[in-house]
Amino acid sequence: MSGKEWQWQEGEYTVTRSTHWSGPGCHDGCGLLYYTKDNKLVKVEGDLDNPYNMGRLCMRCLNQVEAYNSPQRLKWPLKRAGERGENKWERISWDEAYDIIVEKVKGIQAEFGGKSIIGMEGTGRNIIWQVPYLTYAAFGSPNYVLGFLSGDSCYLPRAAQQAVMNSDFFVCDTAQFFEERYNNPEFKCPEVIVIWGNNPIISNGDGFFGHWIVDEMRMGAKLIVVDPRLTWLAARADYWLQLRPGTDCALAMGMLNVIINEDLYDHDFVENWCSGFEELQERVQEYPTDKVAEITWVPKEIIEAAARRYATAKPAAIQWGLAIDQQVTGIATAQAVNSLWAITGNTDVPGGNVIAKSGFNVDDGYSCGYGWLPKDVQEARFGNEKNPLKKYGLASTAHGDTVLEAIENGGQPYPVKMLWLQTTNTFANMASEAPRVYEAMKKVEFNVVVDLFMTPTAVACADIVLPAGMSAERDSFRAWFAPLRAITKLTQYEECKSDEQIILDLGKRLHPAAFPWETVADWINWKMGNDKDKYPDAFKYEWSEEGKKFRERGNTKGLTYSELKEKVYIYPEWQYKKYEKGLLRRDRQPGFNTADGKVQLYIDLFDAFDVDPLPAHVEPPESPYSDPELYKEYPLILTSGARSWEFFHSEHRQQPTMRMFHPQPLVEIHPDTAKNLGIQEGDWVWIESKRGRCKQIATLKAAIDPRVVSAEHGWWFPEKEGAEPSLFGTFDSNINNLTSQCQNGPTGYGAPNKNLLCRIYKATEENSKIMPSEQVTRRGGWEYVRAQLPE
Ligand SMILES: Nc1nc2c(c(=O)[nH]1)N[C@H]1C(S)=C(S)[C@@H](COP(=O)(O)OP(=O)(O)OC[C@H]3O[C@@H](n4cnc5c(=O)[nH]c(N)nc54)[C@H](O)[C@@H]3O)O[C@H]1N2
Ligand SMILES: Nc1nc2c(c(=O)[nH]1)N[C@H]1C(S)=C(S)[C@@H](COP(=O)(O)OP(=O)(O)OC[C@H]3O[C@@H](n4cnc5c(=O)[nH]c(N)nc54)[C@H](O)[C@@H]3O)O[C@H]1N2
Ligand code: SF4
Ligand SMILES: [Mo]
């Protein structure tokens with residue numbers, strides 16, 4: 001907590017210290033100063049006194065005034081007036097909207113059971129435990145899903161792997177859990193940081209503020225970067241491992257091979273705190289560096305030098321990212337990388353990979369409220385059959401690909417009747433095979449979208465659209481990792497309501513006992529651990545023995561929500577080497593919270609599930625080696641979705657400032673490749689896979705491998721016509737016309753989204769007559785996809 005005031009007057013402006021999370025979206029929660037006047041946001045600045053970001057802000061936060069005041073925002077609830085896709089709406093009141101939704105939900109519950117309602121959410125915005133709670137406790141459904149993202153491939157493969165291997169989540173130590181930050185006497189700056197499949201300066205993903213890496217570089221940390229693209233960090237690294245996309249597991253195994261065979265590992269940690277070392281040692285023999293060099297395209301000498309540099313640096317940390325998840329071997333890759341920090345003794349030590357906890361246990365994650373569901377309903381969750389981790393309660397979402405298949409095959413094993421879409425612009429971005437998901441979503445009888453803007457998803461599929469408030473328009477809090485931060489409502493825009501308010505309103509109507517709180521502030525206050533006696537029912541159910549299985553109750557030791565707002569943030573106690581101190585296991589014994597108390601290099605549970613308990617490289621399903629025939633037709637490796645400064649996924653496209661910096665979608669190509677294809681900088685090109693194609697602008701990059709291209713994701717054009725067939729041009733530049741759904745790893749996790757095959761050719765008038773938006777909305781999509789679907 002900070003000793004500073006939380007609110008003051010500066011001339012005609014009221015200045016309030018708060019936190020940004022969403023909307024617009026971000027994975028992080030930086031401290032800022034909101035300048036408001038007459039109920040309007042007029043200026044945003046970084047909060048220099050907030051140790052989290054120390055005054056620094058990205059352009060997306062700095063440009064919030066434009067977002068808040070955008071004339072294109074949704075202003076009140078809407079009901080579809082014309083056919084789906086016509087973009088015709090009727091203004092209705094909140095009560096009318098709720099009545100329609102409640103009637104539909106109750107009808108579906110009576111006829112099909114709550115399980116036929118799917119609660120869908122995009123990535124990590126303010127309501128990461130509230131939408132699950134709504135889905136389980138109000139809809140009565142076990143099906144909470146991350147909007148058709150194939151293989152749950154955003155952090156969840158890493159989360160599932162970490163849960164079974166060491167039971168906790170790890171992150172590169174940047175003193176982020178100490179209020180005094182780098183001045184904490186126990187903290188050490190990593191000597192080496194490996195940035196793996198992550199570009200934190202731009203993405204600030206999963207609660208990690210990228211500039212912390214820059215801070216550590218200033219303190220002397222050296223970098224090793226594993227990335228097919230020359231990022232800002234890669235350009236400043238001692239070693240840049242420019243690998244072939246999708247071969248990360250082989251690379252990590254090659255590095256483990258060097259570290260183990262050259263005896264560079266930490267014997268003490270391995271003997272005392274790891275199990276399965278002999279098995280890992282045996283497995284890495286299959287990955288000599290010359291073979292790994294062939295697989296990954298990274299020279300053997302560089303693999304060896306990087307492995308030695310990492311293993312001999314004390315301490316060293318690995319900061320990893322999304323590219324790990326977006327491969328069919330998402331789990332195995334994460335396991336191999338996790339093994340690197342485990343065997344080098346960098347686990348939960350100062351300057352190593354430390355265990356991240358959510359502040360004061362206030363965040364329940366995706367399991368929040370699961371205990372409300374009867375056993376038989378829990379067991380009906382989509383994906384349980386495919387994924388033993390889900391079946392046995394070790395992972396907490398339903399499986400989007402399986403939901404998709406259920407819609408496509410006419411409702412087997414049971415029908416999908418309603419999609420609740422809150423914070424996701426599904427087929428403009430999250431869905432991995434956009435045209436296919438578009439078709440499926442159209443088939444669902446009743447869809448509700450809660451968003452900031454009218455999106456392509458809403459136009460094409462929604463029956464009701466509800467307007468949500470932005471950060472300074474909501475009373476909220478941030479409990480994802482630490483510190484616990486307050487988000488304070490300062491302004492009101494038209495009839496918008498905060499997501500939390502919408503969920504509470506609806507919950508109260510559908511299942512009052514599970515939503516006893518009068519206001520969102522009451523709810524948050526209760527969640528922080530207060531008012532235990534005031535809401536006995538909620539207490540009883542959420543914290544029943546069943547519920548407890550997932551997480552202990554939040555406990556801010558009596559601090560209330562209104563006090564939190566004035567303190568702005570509070571840091572919980574945090575310690576290194578928790579495994580030595582009995583801070584990880586329920587029985588309070590030293591060790592990790594796994595069956596044998598060890599970091600399981602060989603994951604026993606996988607053995608029981610008939611899944612390889614050790615990491616192994618598997619070729620992406622579409623690669624030069626796994627499918628040489630396809631490679632002849634599609635001779636370029638496609639990675640996509642590398643984050644850009646201006647946009648959070650499909651967001652921010654309405655903001656003129658962002659479009660001034662970044663007007664159009666870009667695909668990075670090596671100049672030699674471009675030359676061979678007759679393509680020049682700035683040309684519109686078609687990018688095509690066997691599933692479909694989209695159009696982006698070529699930008700030539702000498703530092704990308706000539707055999708690899710990197711395309712942007714999330715593109716749509718709010719300035720274009722909303723009604724179909726245009727649909728804001730959503731499919732025209734949508735790279736997810738090319739990516740695939742339902743090609744997952746062995747536990748259902750992982751998808752090859754960043755490692756497919758494509759071809760590129762210059763767009764001409766002749767070959768651009770039928771644009772993808774028309775192909776998808778009017779012509780049933782592309783033949784290849786249609787042929788794969790059931791009759
Ligand atoms: N500005 C902005 N920030 C965001 C988001 C956003 O859309 N915009 N999205 C948020 C979300 S949901 C997430 S999950 C995070 C993700 O954030 P990051 O984890 O940083 O993920 P990306 O930017 O997709 O990719 C990171 C790097 O991986 C590289 N890469 C591509 N393919 C491979 C590969 O096969 N192997 C390896 N090793 N590297 C590869 C890319 O070149 C890129 O530089 O960002 C979050 N933050
Ligand atoms: N090809 C390719 N595709 C990708 C990726 C990739 O790397 N490559 N990355 C994938 C990943 S990791 C992820 S997580 C998904 C992300 O996908 P999503 O999280 O679904 O992101 P969007 O599609 O931008 O949809 C978010 C919507 O929420 C709205 N919104 C923002 N803030 C709020 C809020 O506070 N309340 C409400 N109600 N609405 C809000 C926005 O206006 C927007 O319409 O995309 C995936 N798609
Ligand atoms: S990471 Fe950037 S966009 Fe996100 S909250 Fe912090 S400053 Fe804002
Ligand atoms: Mo993500």
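One-based numbering, in listed order, for ligands and for the atoms of each. Residue numbers run from 1 in the order of the sequence given. Quick caveat: nothing in here was measured; it's all calculated off a predicted structure.
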Nearest-contact summary for [atom] - protein heavy atom, Å:
atom                    : result
atom 38 (N) of ligand 2 : Asp499 OD1, 2.8 Å
atom 30 (N) of ligand 1 : Pro228 CD, 3.5 Å
atom 24 (O) of ligand 1 : Lys754 NZ, 2.8 Å
atom 7 (O) of ligand 1  : His649 N, 2.6 Å
atom 35 (O) of ligand 1 : Gly246 N, 2.9 Å
atom 14 (S) of ligand 1 : Cys154 SG, 3.2 Å
atom 42 (O) of ligand 1 : Asp227 OD1, 2.7 Å

Judged by non-hydrogen atoms, does [X] sit under 4.0 Å from ligand 1?
X      : result
Gly124 : no
Arg60  : yes
Asn755 : no

Ligand 1 versus [X], non-hydrogen atoms closer than 4.0 Å: side chain, backbone, both, neither?
X      : value
Leu243 : side chain
Pro245 : both
Phe647 : backbone
Asn198 : both
Thr231 : side chain
Cys26  : neither
Thr123 : side chain

_Residues in side chain to side chain donor-acceptor pair (under 3.5 Å) contact with Arg125, at least two apart in sequence or another chain_ =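 With sequence neighbours excluded, Arg125 shows a side chain to side chain donor-acceptor pair (under 3.5 Å) to Glu651, given in chain and number order.
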Part of [X] with heavy atoms under 4.0 Å of ligand 2, whether side chain, backbone, both or neither:
X      : answer
Ile127 : neither
Arg474 : side chain
Met430 : both
Thr455 : side chain
Ile735 : side chain
Leu322 : side chain
Ser640 : both

*asked:* I want to know whether Phe453 and Phe728 have ring centres closer than 6.0 Å.
replied: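 That pair fails the under 6.0 Å test.
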Proximity winner for [atom], if only heavy atoms of [options] are counted:
atom                    : options                        : result
atom 12 (S) of ligand 2 : Arg643, Met454, His713         : Arg643
atom 26 (C) of ligand 1 : Ala642, Ala323, Gly197         : Gly197
atom 1 (N) of ligand 2  : Asp152, Leu638, Asn736, Thr457 : Asn736
atom 17 (O) of ligand 1 : Gly321, Ser203, Gly210         : Ser203
atom 41 (C) of ligand 2 : Asp451, Val131, Asn737         : Asp451
atom 34 (C) of ligand 1 : Leu251, Asp248, Thr639         : Asp248

*Could you tell me whether Lys695 and Glu688 have a side-chain N and a carboxylate O separated by less than 4.0 Å?*
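Looking at Lys695 and Glu688, the cut-off is not met.
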*Are Arg229 and Trp240 in a cation-pi setup, meaning NZ or CZ lies under 6.0 angstrom from the ring centre and within 45 degrees of the ring axis?*
no
*Using the six-membered ring of Phe717, assess whether NZ or CZ of Arg653 lies under 6.0 Å from its centre and within 45 degrees of the ring axis.*
no
*asked:* What I want to know is whether Asn425 and ligand 2 share at least one N or O pair that is separated by under 3.5 angstrom.
replied: yes
_Please check whether Thr739 reaches ligand 2 - meaning an N/O of the residue sits under 3.5 Å from an N/O of the ligand, judged on distance alone._
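Between Thr739 and ligand 2 (N or O atoms, distance only) the closest approach is not under 3.5 Å.
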*Are any side-chain N or O atoms of Asn736 and backbone N or O atoms of Ala431, one a donor and one an acceptor, separated by less than 3.5 Å?*
yes
